[in-house]
Amino acid sequence: MPKENLIGYTSQQLQELLKGWGDKPYRGKQLFKWLYRHRQYDFNLMTDFSKDLRKRLDDAYCICDLHLEKSQTSRDGTKKFLFRLEDGLPLETVLIPDEDKRSTVCISSQVGCALNCRFCATGTMGLKRNLSVGEIVGQLIYLRNNFGEKAFSHIVFMGMGEPLHNFDNVVEAIKIISDDIGLDVSRKKITVSTSGITPKIKKLADTDLKVKLAISLNAAIQAKRVKIMPIAETFGLKELMQSAKYYAKKTNARLTFEYLLMAGLNDTMEDILALSKLVEGIPCKINIIAYNPVEGLNLKRPSEEKVDWFGRQLYTRAPAVTVRKSRGRDIDAACGQLAAKQRIRRNSDA
Ligand code: SF4
């Protein structure tokens with residue numbers, strides 16, 4: 001029988017495991033530190049454990065990295081990783097270096113996604129399954145093991161999947177990531193990006209994790225948003241803004257609204273006016289990102305002039321507006337693109 005991987009075990013679970021073996025619970029915390037802080041993969045080198053405990057761990061468990069199938073590096077330095085999970089499903093992670101020593105890793109929370117946003121390659125896959133805590137944390141561990149402690153400074157849950165649809169595992173992963181004897185990343189540097197699952201936004205606010213929240217908005221007019229993001233039919237803009245305000249108040253933090261600008265779809269003066277009105281009274285910034293066309297989705301990127309115009313017009317009407325460059329355009333770095341391509345290739349190979 002294959003040994004179970006310890007990556008993904010929380011501090012609590014490790015304490016319970018060792019307590020069940022008749023050890024003191026603090027041994028569980030020591031094991032947690034070996035796993036995530038030191039990333040020591042050899043039980044025999046866990047020097048503060050008895051020989052007996054090391055053997056017992058080694059007999060029952062392994063500590064294993066995700067299996068990398070493919071990676072690509074863009075001309076702008078963006079790196080994309082395609083992992084192959086044990087059940088054969090693909091998992092994508094994107095590492096985006098910035099100019100100022102900051103580097104952001106975009107991690108996945110699900111394989112595929114149930115939400116089918118019109119602009120997204122992941123949505124075309126449908127939902128395959130939630131990622132386990134170990135598979136979420138494993139993406140970061142892989143990067144640290146291969147690119148060093150400073151492989152990334154910021155983390156965004158903006159890869160494949162809707163993180164709030166995998167709520168419990170995402171929360172447990174954040175606890176491991178932010179624990180000072182875990183991966184030790186400040187919660188101020190962790191962003192959960194959601195398409196707007198309003199009850200879960202409130203639930204996340206109530207956890208007191210106080211991570212940053214980004215809302216993938218993409219339209220400020222309800223009928224338009226429903227066309228772009230079908231989930232908006234279930235959770236309308238009014239309810240979404242209420243939950244956004246609740247989150248901002250509970251966490252005392254500024255929210256981010258992501259606005260993917262698509263030619264002829266959400267790029268008019270009417271959209272600008274609706275957007276500036278919608279965010280009134282909410283401490284937030286708006287990120288405008290020009291859409292990166294995805295094969296087969298029949299949506300267009302607006303011209304540079306249009307993006308500039310949209311940004312400038314909004315800038316005079318809304319609190320804080322940033323026009324962001326889309327990164328990794330030459331390597332399909334938008335979420336789900338690489339996995340979707342591999343899927344098409346596998347299907348056509350079959
Ligand atoms: S944009 Fe996010 S929520 Fe929408 S289909 Fe893609 S992965 Fe799912």
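Counting starts at 1 for both ligands and their atoms, following the listed order.
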(request) Look at Cys113 and state whether any of its N, O or S atoms is less than 2.8 Å from atom 6 (Fe) of ligand 1. (result) no
(request) For Gly123, counting its heavy atoms only, list the atoms of ligand 1 lying under 4.0 Å from any of them. (result) 5 (S)
(message) Looking only at the aromatic ring of each residue, does the gap between the centers of Phe147 and Phe81 stay below 6.0 angstrom?
(response) yes
(request) Under the side-chain contact (heavy atoms from CB on, under 4.5 Å) rule, collect the residues that match up with Arg144, sequence neighbours excluded. (result) Arg39, Glu149, Phe152, Leu183, Val185
(request) Tell me whether the centres of the aromatic rings in Phe43 and Phe49 are closer together than 6.0 Å. (result) no
(message) Ser178: which residues meet the side-chain contact (heavy atoms from CB on, under 4.5 Å) condition with it, sequence neighbours left out?
(response) Ile174, Arg187, Ile190
(message) Under a 4.0 angstrom heavy-atom cut-off, which atoms of ligand 1 come close to Asn116?
(response) 5 (S)
